Engineer: 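Here it is, the structure, as structure tokens.
Values in this document were obtained by computation on a predicted structure and should not be read as measured data. Below, read A as the first sequence line, B as the second, and so on, with proteins coming before strands; counting in each chain starts at 1.
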Amino acid sequence: MDLMPNVKGTRDLLPSESVIWARVEETARRVFSLYGYGEIRTPVLEHTELFVRTVGESTDIVGKEMYTFEDRKGRSLTLRPESTAAVARAFVDHRLGEQPLPVKLFYMGPHFRYERPQKGRYREFHQIGAELLGDPGPASDAEVIRMLVGFLEELGFEDLTVLLHTVGDQETREAYRAALVEFFAPLAEQLSSESRKRLERNPLRILDTKDSAERELLIDAPKLEDSLSAGSREHFAGVRSALDRLGVKYRVDPGLVRGLDYYTLTVFEIVSEGLGAQNAIVGGGRYDRLLADLGGPDLPAIGFAIGLDRLVESLPAAFRDRCTQAPAVRLIAIDPVPKLAAMELGEELRARGVAAVVDFGNDRMKAALKRAHRSGARYVLLLGEDELAKNAVTCRDLNAGEQSLVPRSEIVGLLHNRLRNQIKGQIKGQIEGQIEGQPAGQPGRQRGEGEA
RNA sequence: GUGAGCGUAGCUCAAUCGGUAGAGCACUUGAUUGUGGUUCAAGUGGUUGGGGGUUCAAGUCCCCUCGCUCACCCCA
């Protein structure tokens, strides 16, 4: 039992894991910026009212999952359970509607919901999201989805299917809501208590029930498709034809009803295998009323949020294997005096972009070499009195188990070249600027799968 | 919020009907005075999550509690 455990539903990410997260985040930044998105960083803390008004009082998020508390002046604050509302708030606050439209923003960071943790669900979780604000067209919907799919492909995901649906415009929703209530009212006894509540508060949510008896009832229930207004129908058709043209695979899923109140028209989701029950890694949709509801301009918008925790859990092994952080070179000084020489050499290597660590242990070389091996280093440079006297260093290749005496003047260039060559094969599909100092790999892990 | 399962060495786990806690890996040391990874030998390591109860005797049975995990609900 820990004396000081972490807070339930939160976790620490150690370097072997956080390096993967960093690569995913870098990829998102690169891909999204190629589409003209800029990063927005909003506070983790917002007024509770923001989420109550936008996400919806009838949702579980607002009803029972928010981390809400009063500050010292009695104001009700909430740790953000999602970010679309916050981005919309910032958009209104900063009058971004007066800029050339659409405004394209992405964000990433921690979010909080008070739920029982399980696989793929944490109380502190992380989202990467993007919002395109100020354009009504189906083309924007398609571009947003295309960008999202492109991002996931960069990470090595294959065969992910986009689930697509429409919840219609306001007119549609009102008509359909009425139709649903009319249909279910006489059947209320056959509904679960949960669904009876839904019938009052948010009838659309009955559609995605998992209760088999209720699914039977749904067969004869009015279809959302039949209530779609002409405009909604046209919009949905536009999204679909644009996605077809862009080569995005999707499946229309009539059961897909996003839970948040602010969604209109297009909604979509991406699920992944191997995540257990919490398999949605992305959710998104259009929210044409949200900005106006917040007292801002009457502008439409669309966006999505990626569950980073779940994304990383389902990340293809090929991507994970490329994410290593061990410095490739380790310098071991055998006596006190060469230690300073080792530090100097380390600086020279780093100046050329070669990641190098000086071993400061004062024990025997045996122990130092062991540390080097365990660190995942590819090369060890040995500096002792012998080497100093000859103005050279011993360069040991830990993979090959071979070593040679290299003149001091040549060692930096030699390592720089060797590591550069090794990296070129691995770098494909990875971030520019990561070329330097690419490590040799983790202990116990196959080397060089990324090559060729 | 509801339900189920599980807490034994740093890690993964074992321990028969209740009988005085053990293995693999890891770690330390040595074989090797300036050479890791392989091999061999030796060694360190435990309040069996915590508290209470039953019993001659509890890791094992009972109660309480804390924690973790999975699932429901819902969502990323």
Engineer: Starting from C1' on B/rG34, measure out to CG on A/L381 and report it in whole angstrom.
Structural biologist: 15 Å
Engineer: For the C1' atoms, the ones on B/rC25 and on B/rA9, what distance do you get once it is rounded to whole angstrom?
Structural biologist: 12 Å
Engineer: Say we look at B/rC73 and B/rA14: how far apart would their C1' atoms be, to the nearest angstrom?
Structural biologist: 38 Å
Engineer: Under 4.0 Å from OP1 or OP2 of B/rG30: is there any side-chain N or O of A/R364 that close?
Structural biologist: yes
Engineer: For A/E313, report the nucleic acid contact type (base, sugar-phosphate, nothing); a contact means any heavy atom under 4.0 Å.
Structural biologist: nothing
Engineer: Want to settle it: does A/D60 or A/G401 sit nearer the 5' end of RNA chain B, counting the closest nucleotide to each?
Structural biologist: A/G401
Engineer: Any idea which of B/rC72, B/rC75, B/rG36 is nearest the A/K370 side chain?
Structural biologist: B/rG36
Engineer: Paired with B/rU33 by Watson-Crick or G-U wobble geometry, both distances under 3.5 Å: which nucleotide is it?
Structural biologist: none
Engineer: Without hydrogens or angle criteria, can the side chains of A/T78 and A/H47 be said to hold a donor-acceptor pair below 3.5 Å?
Structural biologist: no
Engineer: Sort out the partner of B/rG3 for me: Watson-Crick or G-U wobble, both distances under 3.5 Å, none otherwise.
Structural biologist: B/rC70
Engineer: Rounded to the Å, how far apart are A/K119 NZ and B/rU69 P?
Structural biologist: 11 Å
Engineer: For B/rU55 and B/rU60, measure between their C1' atoms and round to the nearest Å.
Structural biologist: 13 Å
Engineer: Just to be sure I understand the rule, does A/E115 reach a base, reach only the sugar-phosphate, or reach nothing, if contact means heavy atoms closer than 4.0 Å?
Structural biologist: base
Engineer: Round to the nearest Å and state the distance from A/D363 atom CG to B/rG30 atom P.
Structural biologist: 11 Å
Engineer: Could you work out the separation of B/rG3 and B/rG10 based on their C1' atoms and round it to a whole Å?
Structural biologist: 33 Å
Engineer: Please classify the nucleic acid contact of A/A280 as base, sugar-phosphate, or nothing, using heavy-atom distances under 4.0 Å.
Structural biologist: sugar-phosphate
Engineer: Both distances under 3.5 Å, Watson-Crick or G-U wobble: report the partner of B/rA42, or none.
Structural biologist: B/rU28
Engineer: With rounding to the closest Å, how many angstrom separate the C1' atoms on B/rU48 and B/rU20?
Structural biologist: 13 Å
Engineer: With the side chain of A/H373 defined as its heavy atoms from C-beta on, choose the nearest nucleotide among B/rA76, B/rU35, B/rG37.
Structural biologist: B/rG37
Engineer: Take atom OH of A/Y263 and atom C1' of B/rA76, then tell me their distance rounded to the nearest Å.
Structural biologist: 9 Å
Engineer: Would you call the rings of A/F32 and A/Y37 parallel, tilted or perpendicular if under 30° counts as parallel and over 60° as perpendicular?
Structural biologist: tilted
Engineer: Starting at CG of A/L369 and ending at P of B/rG37, how long is that distance when rounded to a whole Å?
Structural biologist: 9 Å
Engineer: When you check the side-chain N and O atoms of A/T264 and A/Q170, is any donor under 3.5 Å from an acceptor?
Structural biologist: no
Engineer: With both distances kept under 3.5 Å, what pairs with B/rG22, Watson-Crick or G-U wobble?
Structural biologist: B/rC13
Engineer: Taking only Lys NZ, Arg NE, NH1 and NH2, and the carboxylate oxygens of Asp or Glu, determine whether A/E17 and A/R320 approach each other closer than 4.0 Å.
Structural biologist: yes
Engineer: Quote, to the nearest angstrom, the P distance that separates B/rU29 from B/rG34.
Structural biologist: 15 Å
Engineer: For the side chain of A/R121, starting at C-beta, report the closest nucleotide among B/rC73, B/rC27, B/rA71.
Structural biologist: B/rC73
Engineer: Check the phosphate of B/rC27 against A/R374, side-chain N and O only, distance under 4.0 Å to OP1 or OP2. Yes or no?
Structural biologist: yes
Engineer: Heavy atoms only, 4.0 Å cut-off, all strands: where does A/D309 land among base, sugar-phosphate and nothing?
Structural biologist: nothing
Engineer: On a whole-Å scale, what distance lies between the P atoms belonging to B/rC66 and B/rA26?
Structural biologist: 38 Å
Engineer: For A/R364, look at atom CZ and say whether over 12 heavy atoms of other residues, nucleotides or ligands are found less than 6.0 Å away.
Structural biologist: no
Engineer: Among the candidates B/rA71, B/rC75, B/rC73, find the nucleotide nearest to the side-chain atoms of A/K64.
Structural biologist: B/rC73
Engineer: Base, sugar-phosphate, or nothing: which does A/G276 touch, judged by heavy atoms less than 4.0 Å apart?
Structural biologist: sugar-phosphate
Engineer: Side chain of A/R113: nearest nucleotide among B/rC75, B/rG34, B/rC70?
Structural biologist: B/rC75
Engineer: Nearest whole Å is fine: how far is B/rG37 C1' from A/Y379 OH?
Structural biologist: 16 Å
Engineer: Between B/rA71, B/rU35, B/rC73, which one does the side chain of A/Q278 approach most closely?
Structural biologist: B/rC73
Engineer: Could you check which nucleotide pairs with B/rU8 in any of the strands shown, counting Watson-Crick or G-U wobble with both distances under 3.5 Å?
Structural biologist: none
Engineer: For A/M66 and B/rC75, give me the distance from atom CE to atom C1', rounded to whole Å.
Structural biologist: 15 Å
Engineer: May I ask you to verify whether the side chain of A/E387 and the base of B/rG34 hold a donor-acceptor pair under 3.5 Å?
Structural biologist: yes
Engineer: By nearest heavy atom, map A/F125 and A/A400 onto RNA chain B; which one lands nearer the 5' end?
Structural biologist: A/A400
Engineer: For atom NZ of A/K223, is the number of surrounding heavy atoms from other residues, nucleotides or ligands below 6.0 Å larger than 12?
Structural biologist: yes
Engineer: Using the C1' atom on both, measure B/rG59 against B/rC13 and round to a whole Å.
Structural biologist: 14 Å
Engineer: Can you say whether a donor on the side chain of A/R116 sits under 3.5 Å from an acceptor on the base of B/rG1, or the other way round?
Structural biologist: no
Engineer: With a cut-off of less than 4.0 Å, is there a side-chain N or O of A/Q118 near OP1 or OP2 of B/rU69?
Structural biologist: no
Engineer: Can you see whether A/D169 engages A/S232 through a side-chain donor-acceptor pair at a distance of less than 3.5 angstrom?
Structural biologist: yes
Engineer: With respect to the side chain of A/K8, which nucleotide from B/rA71, B/rG36, B/rC68 is positioned closest?
Structural biologist: B/rC68
Engineer: Counting only Watson-Crick pairs (N1-N3 plus N6-O4 or O6-N4) and G-U wobbles (N1-O2, O6-N3), all under 3.5 Å, who is the partner of B/rA76?
Structural biologist: none
Engineer: Salt-bridge test for A/R350 and A/E347: reply yes if a basic N is under 4.0 Å from a carboxylate O, no otherwise.
Structural biologist: yes
Engineer: Return the value, rounded to whole Å, for the distance between atom NZ of A/K366 and atom P of B/rU32.
Structural biologist: 10 Å
Engineer: Would you indicate what A/I281 reaches in the nucleic acid, counting non-hydrogen atoms under 4.0 angstrom: base, sugar-phosphate, or nothing?
Structural biologist: sugar-phosphate
Engineer: Using the ring centroid of each side chain, check whether A/Y67 and A/Y114 are separated by less than 6.0 Å.
Structural biologist: yes
Engineer: Taking only the side-chain heavy atoms of A/L382 (C-beta and beyond), determine which of B/rG34, B/rU2, B/rG36 contains the nearest atom.
Structural biologist: B/rG34
